[in-house]
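Below, chain A is the first sequence line, B the second, and so on; all start at residue 1. Side chains are part of it too, since the values below use all heavy atoms of this structure and drop only hydrogens, waters and symmetry mates.
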There are 2 protein chains.
Amino acid sequence: MTVDRRILKTREAIKKAFFDLMAEKDFKDITVHLISERANLNRGTFYLHYLDKFHLLDKCIEEQLAGLLRVCASTGADQTHFPTFDSILATTEYFEEHILFYTCMLTNEGMPSFRDRLHQLMVKGIHEQVNMSGINKGMNKEILVQFMASAIVGIVEWWILNKMPVPANQLARELWTLLERNQIRT
Amino acid sequence: MTVDRRILKTREAIKKAFFDLMAEKDFKDITVHLISERANLNRGTFYLHYLDKFHLLDKCIEEQLAGLLRVCASTGADQTHFPTFDSILATTEYFEEHILFYTCMLTNEGMPSFRDRLHQLMVKGIHEQVNMSGINKGMNKEILVQFMASAIVGIVEWWILNKMPVPANQLARELWTLLERNQIRT
DNA sequence: ACATTTATTAACATCGTGTTGATTAGTGAA
DNA sequence: TTCACTAATCAACACGATGTTAATAAATGT
């Protein structure tokens, strides 16, 4: 029992059309009618695969973030020593490769939740790694974690939306310094 | 020549209804019809005052942020020494007073641009105050500014959305420490 | 080859939008 | 108080997006 190729074909066409449109206009102005037209299929067909455009968006984000997580984890083979400089560098380079998607998601006004989902991933990661002794002794852990998570996501967002004004390895180096200063590394 | 009281009355009713609805449901699900109904006025009347619901939202945000800026600036009478601990404390307390509005704006999914506008204000402020000598020597100023601005906005957002789990003065103290660590204060 | 699944087509009711024209009511100023 | 002006109301309109349906055609896996 294999997958019906018509399904894959249709879903690919829908996602492709959706991304094209996202690069052109705000999410709020994209209609199911537009997507179907661009994908060369009947509007009814869209509803056979997705509940509405929000559902479609959600699925697209899910797929992409799964890829990001894979890269983040891959280079840090040793889970106890994370992040490594290499894992940070690999991640910045990953963003470089997928700049189109991330620009699209971050540029688009009224984009529900994409930034939040990046942030959530970051909070989870930092919570496991932050060192609360030394310089951070006596601080509220939650505040520190939130502080750092927002800072890092903000940097990445800035870097992407400004078309990567510094090379990936410089960004990685400066991030490395800021993590050290706040004792987020192991 | 004074202002027609009918205009004020109508606009207040519209804004009031809008805020009520924002506390109940996502912005995307709020219609002009709903707002008018809740405000007890004709839908046509809405269009006499605002272009659409986005325009209304924009005006509401504008008014509120003007108030925030006034507080931020008020306590730091001396412009060369800013931020002061007092100005930070005053700001956290301001958020406490207006928790309803900020919760509403930050909770609401698909809220266009509110967070970004807070962030922009912060970037501007930090850019003028950050100290690039000492610990920050050799770093890219833009990266540092973005890092800190996102961190601070993130903390505030976390604090508000989590119903202020620590008192305003503790938040102010911890923020003060983090600013010192990264030499954002004067 | 055949049963099953998917896609197409056209139509439908429903809802939100933004605008219009005629009418009513409230307002500020003389 | 009167009066000109302006705002609000009401009903109606065309338009476009939504989500669903039923009949039909096409593609697929076995």
Side-chain angles (χ1 to χ4, degrees), chain A residues 1-63 104 108-113, chain B residues 1-63 104 108-113:
Chain A
M1 177 178 166
T2 60
V3 192
D4 195 321
R5 281 169 297 193
R6 285 173 297 178
I7 295 181
L8 293 177
K9 218 183 72 186
T10 300
R11 293 197 180 156
E12 283 313 308
I14 288 176
K15 282 186 272 187
K16 172 80 166 52
F18 180 55
F19 282 131
D20 281 5
L21 287 167
M22 283 288 285
E24 289 173 25
K25 55 174 64 189
D26 283 348
F27 179 70
K28 76 167 175 7
D29 296 323
I30 296 176
T31 64
V32 175
H33 174 75
L34 264 176
I35 296 170
S36 313
E37 197 173 52
R38 188 71 67 100
N40 275 312
L41 41 86
N42 192 277
R43 193 166 60 87
T45 307
F46 178 95
Y47 291 104
L48 294 177
H49 296 273
Y50 301 99
L51 294 173
D52 49 35
K53 67 176 185 170
F54 299 96
H55 185 218
L56 166 62
L57 172 65
D58 215 59
K59 287 295 173 191
C60 289
I61 291 178
E62 220 164 70
E63 285 177 25
C104 178
N108 210 297
E109 281 267 333
M111 192 63 199
S113 78
Chain B
M1 178 181 168
T2 60
V3 192
D4 196 322
R5 280 170 297 191
R6 287 172 295 179
I7 294 180
L8 293 178
K9 218 184 71 186
T10 301
R11 293 196 181 158
E12 283 313 310
I14 288 176
K15 282 187 272 188
K16 172 79 166 55
F18 180 56
F19 282 132
D20 280 5
L21 287 166
M22 283 288 284
E24 291 172 22
K25 52 174 67 188
D26 284 348
F27 179 71
K28 75 167 176 10
D29 296 324
I30 295 176
T31 65
V32 175
H33 175 73
L34 264 177
I35 297 171
S36 314
E37 198 173 51
R38 187 72 66 100
N40 274 313
L41 42 85
N42 193 276
R43 194 165 61 88
T45 307
F46 178 95
Y47 291 105
L48 294 177
H49 296 273
Y50 302 99
L51 295 172
D52 50 34
K53 66 175 185 170
F54 299 96
H55 184 218
L56 167 62
L57 173 65
D58 216 59
K59 288 295 174 193
C60 290
I61 291 179
E62 221 163 68
E63 285 177 25
C104 177
N108 211 298
E109 282 266 334
M111 191 63 202
S113 79

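In this structure, the NE2 atom of B:H55 is 13 Å from the P atom of C:dG18, given to the nearest Å. Rounded to an integer number of Å, the gap from CZ of B:R5 to P of D:dT6 is 17 Å. Whole-Å rounding puts the B:K28 NZ to C:dT17 C1' distance at 18 Å. The CD atom of B:E37 sits 14 Å away from the P atom of D:dT9 (whole-angstrom rounding). Protein atom CG of B:L41 is 17 Å distant from nucleotide atom P of C:dA25, rounded to whole Å. Atom P of nucleotide C:dT17 and atom CZ of B:F54 are separated by 9 Å, given to the nearest angstrom. Rounded to an integer number of Å, the gap from CZ of B:F46 to P of D:dC10 is 18 Å. The separation between B:N42 atom CG and C:dA25 atom P is 15 Å, rounded to whole Å.
Remark: B:D52 pairs with no residue by the salt bridge (charged side-chain N to carboxylate O under 4.0 Å, His left out) rule, at least two apart or across chains. When the side-chain hydrogen bond (donor to acceptor under 3.5 Å, both in side chains) test is applied to B:K15, the partners found at least two apart in sequence or on another chain are B:E63. Contacts of A:H49 classified as side-chain hydrogen bond (donor to acceptor under 3.5 Å, both in side chains), with partners at least two apart in sequence or in another chain: A:R11. Remark: B:K9 pairs with no residue by the salt bridge (charged side-chain N to carboxylate O under 4.0 Å, His left out) rule, at least two apart or across chains. The side-chain hydrogen bond (donor to acceptor under 3.5 Å, both in side chains) search around A:K16 returns A:D20, not counting sequence neighbours. Residues satisfying the side-chain hydrogen bond (donor to acceptor under 3.5 Å, both in side chains) criterion with B:R43, sequence neighbours excluded, are absent altogether. With sequence neighbours left out, the side chain to side chain contact (heavy atoms under 4.5 Å, CB included) criterion links B:N42 to B:T45. Residues passing the side chain to side chain contact (heavy atoms under 4.5 Å, CB included) test with B:E37 are B:H33, B:L34, sequence neighbours excluded.
Panel note: side chain B:N108, backbone B:K25; a donor-acceptor pair is recorded below 3.5 Å.
Remark: nothing in residues 13-22 of chain B comes within less than 4.0 Å of DNA chain D through any heavy atom.
For the pair B:Y47 and B:V32, the minimum side-chain heavy-atom distance is below 4.5 Å.
Remark: A:K28 is not positioned above the aromatic ring of B:F27, lacking an NZ or CZ atom under 6.0 angstrom from the ring centre and at most 45 degrees off the axis.
Expressed to the nearest 0.5 Å, how far OG1 of A:T31 lies from CD1 of A:I35 amounts to 7.0 Å. Note that CD1 of A:I14 and NZ of A:K53 are 15.0 Å apart. Values are rounded to the nearest 0.5 Å.
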Close N/O contacts between protein and nucleotides 3-6 of chain C (under 3.5 Å):
unit_1, atom_1, unit_2, atom_2, d
C:dT5, O2, A:R6, NH1, 3.3
C:dT5, O2, A:R6, NH2, 3.0
C:dT6, O4', A:R6, NH2, 3.4

Could you go over nucleotides 12-19 of chain D and give all protein N or O partners under 3.5 Å, atom names and distances?
unit_1, atom_1, unit_2, atom_2, d
D:dT18, OP2, A:V32, N, 3.2
D:dG19, OP2, A:Y47, OH, 3.1
D:dG19, N7, A:R43, NH1, 2.9
D:dG19, O6, A:R43, NH2, 2.9

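Computed from C1' positions of five pairs at each end, the angle between the two local axes of the helix from C:dA1-D:dT30 to C:dA30-D:dT1 equals 40°, rounded to 10 degrees.
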